[in-house]
Each structure stands twice: as C-alpha cells, then as structure tokens.
Amino acid sequence: GFLGAQDPGPRPLELKEVFALFQIQYNRSYSSPAEHARRLDIFAHNLAQAQRLQEEDLGTAEFGVTPFSDLTDEEFSQVYKQPKVPGEVPRMVRKVRSLKQGKP
Amino acid sequence: VPPTCDWRKARIISPIRNQKNCSCCWAMAAADNIEAQWGIRYNQSVKVSVQELLDCGRCGDGCKGGWVWDAFITVLNNSGLASEKDYPYQSNVDPQRCRVKRNKVAWIQDFIMLQDNEQIIAQYLASHGPITVTINMKPLKQYRKGVFEATPATCDPWLVDHSVLLVGFGSSKSVKGMRAGTASSKPYWILKNSWGAKWGEKGYFRLHRGSNTCGIAKYPLTARVELPDQRHPVHCPP
C-alpha cells in the first residue's frame, strides 16, 4: 500500500558500525580479532553507562562516544584518577616575600 | 558578581594540555593557573614546565596522582618554574632528572584556598582570574558537551579525584525545562580539562553552578603572583 512505500528514513547505526566510526575518528587499531572483540564489549558497556548518565543528568549535558570509549573503568581510573586521598590539606598559607617586586 | 565571565576571551588561557598516560591533572591544573595569573598580572603569555613539577615534586611519583597544593609548594621551593620549551613534558617521572633551572619564566608569591562557597568562588574568579578546583570525575569519561547537573546521590561531592582549571561562568536556557513548558535559566561553570582538545567542548566542559555539583566547591585553590596589597584591579570579559 501507499504507507508501505514510504521511506522509513535512515536506520539507526548498529553497534559494530558505531564502533568502526569510533576507531576511524580516534585512530584505534587492535592487535588481534580477540582484542577487537574485547574492546567492542567494553565499548558497548561504556555506551550503556553513557545512557545511564544521560538519564541521571538534570542539566543539558550529552553523553556518548568519547576518546575513552574503548577503555574499562579500571584502565581509565589508572591513568586519569587521582588515587591519593589527601592526608593533610594545607591550612596555613606559605608566604614568600621577595625583596624586590618582580624578582623571584 | 557579574552575570557572565569567560577568561578565555582575555587570551590568557594556554592551549589545552594532554596528560596522556600520566595521572598528573594536579600539576597541569596548577600550571594552567600560574600561566593565567601571570598573563593577567604581566600581560605576558608564558608556558611553564609541568615536567619540572613532576620530576622535582616532594611526593615522589607525580604520575600516580597528587594535589594542586603540592605543585604550588614545589614552585615556591624551586623559586619558580622553567618554560615548557626548556623542560618539555614527557608523561613520565624521573626524580633524577630534576633540574632546578636558573632560567625561570614564572614564579608565585604564595597560594590560597578559598571558602567552599560558590558565590565567593565566582566573585574571586571574576575579580582575580582563573582558579583550580578538584571534582568528582564520574561523568567526564562519557561527557561530550552541555551542562552536567547532578545530585549528591548521582555524583558524590565528597569523592573528589580530578583537578582542573575554572575559567568562567554563565547561564543557559534549560532545554529540559523548555520542553516541559517552563523555561528556566541554568547557571554553569566553565572548566578547562587536560585530556586534549578532542575531548568535551574543545577540551573544556561545563558543570551546573550553585549546587556543588561533583564537589566543585571542595578545594578551590589558586596561586598568587603578586602581593595582595599591590594588586591591580582586573575584570573578567563577559
């Protein structure tokens, strides 16, 4: 019928296609098919996490594919997270007065 | 406090840095802060050495994390910092490589921690220049653009683990509010990250202002490059 002939519009990209675009955009290649499959799984997990953040956000932020989308949370934390808990936050300001202004 | 402030328009903010495989956001935020303060005070663009902060820091391996005040103490102990060009970033640490060079391009008088109050932070930012803050980085791995607003339940303000430079603030119309027929203004902070320019909004991101989103008010810290009693008045570009 007439309705059936209508163009349904662009179909949503499949996960593998989105991952292929990610690899191109961020210049990623993997050492073996097994590693590729593992990174694809991590990528899917990260997209699900992005969706959760999107639902939680009370503002206007957008979450999704980023340069870190093929990293596990552990890999990401190792590089970017500050693991140290401050033992002591400085309470006293240290002042170094120069004898002549503008000189160290 | 002015309605908007964006220090990027004053051309005192250095290009976006990239930590690569080194957890040194604390050193990069401190370097960004010193460069911005130096630019405001002396109208001079400098790029200071993050590697000097890492190699010469008092806390050992700076690629395994640190705090902004450690960086400022290193700057005070070393009487300033060499240039990025003379002492380039290598994304690893070697304490034996520490060369406290004579040729310093910037130095600081002291550093201060502001009150954990977003209104006071905005006032200081507008009248003194960019400052460093330490936040909970939970939403940043997946962040692409826009203003992130969280509750303490969705982004714990006590678990802060990433230092960045606060460079401005403003307000935007809330899209979600408009959809519901109640357009409301969303105040936000503009923050400079150190994960390269391909991340976020050309290396920057925005967080909601006024709700201590992700603990932004917990550790507001800044270096001072001139004595408070000799300070020149400055104004943040709107």
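Order of the sequence lines sets the chain letters (A, B, ...), proteins ahead of strands, with each chain counted from 1.
The 12-atom threshold is exceeded at CD of Gln44(B), counting heavy atoms of other residues, nucleotides or ligands nearer than 6.0 Å. Residue Lys20(B) qualifies as open at atom NZ: its count of foreign heavy atoms under 6.0 Å is 12 or below. Around CD of Glu75(A), the count of heavy atoms belonging to other residues, nucleotides or ligands within 6.0 Å exceeds 12.
The closest side-chain heavy-atom distance from Thr66(A) to Lys198(B) is not below 4.5 Å. A heavy-atom distance below 4.5 Å is not found between the side chains of Val79(A) and Ser23(B). Considering only heavy atoms from C-beta on, Lys81(A) comes within 4.5 Å of Met137(B) through its side chain. For the pair Thr60(A)/Lys145(B), no side-chain contact is recorded, criterion being any heavy-atom separation below 4.5 Å from C-beta on.
At a threshold of 4.0 Å, the pair Lys138(B)-Glu56(A) counts as salt-bridged, since one of the basic side-chain nitrogens sits closer than that to a carboxylate oxygen.
Trp199(B) has its ring centre no less than 6.0 Å from the ring centre of Tyr80(A).
With a 4.5 angstrom heavy-atom cutoff, Thr213(B) does not touch chain A via any of its atoms. Contact annotation for His208(B): neither backbone nor side-chain heavy atoms come within less than 4.5 Å of a heavy atom of chain A.
Between Phe68(A) atom CZ and Trp195(B) atom CH2 the span is 5.5 Å, to the nearest 0.5 Å. For the atom pair Gln54(A) CD and Arg144(B) CZ, the distance stands at 10.5 Å (nearest 0.5 Å).
Checked by atom type and distance alone, the side chain of Lys141(B) never pairs as donor or acceptor with a backbone atom of Ser77(A) at under 3.5 Å.
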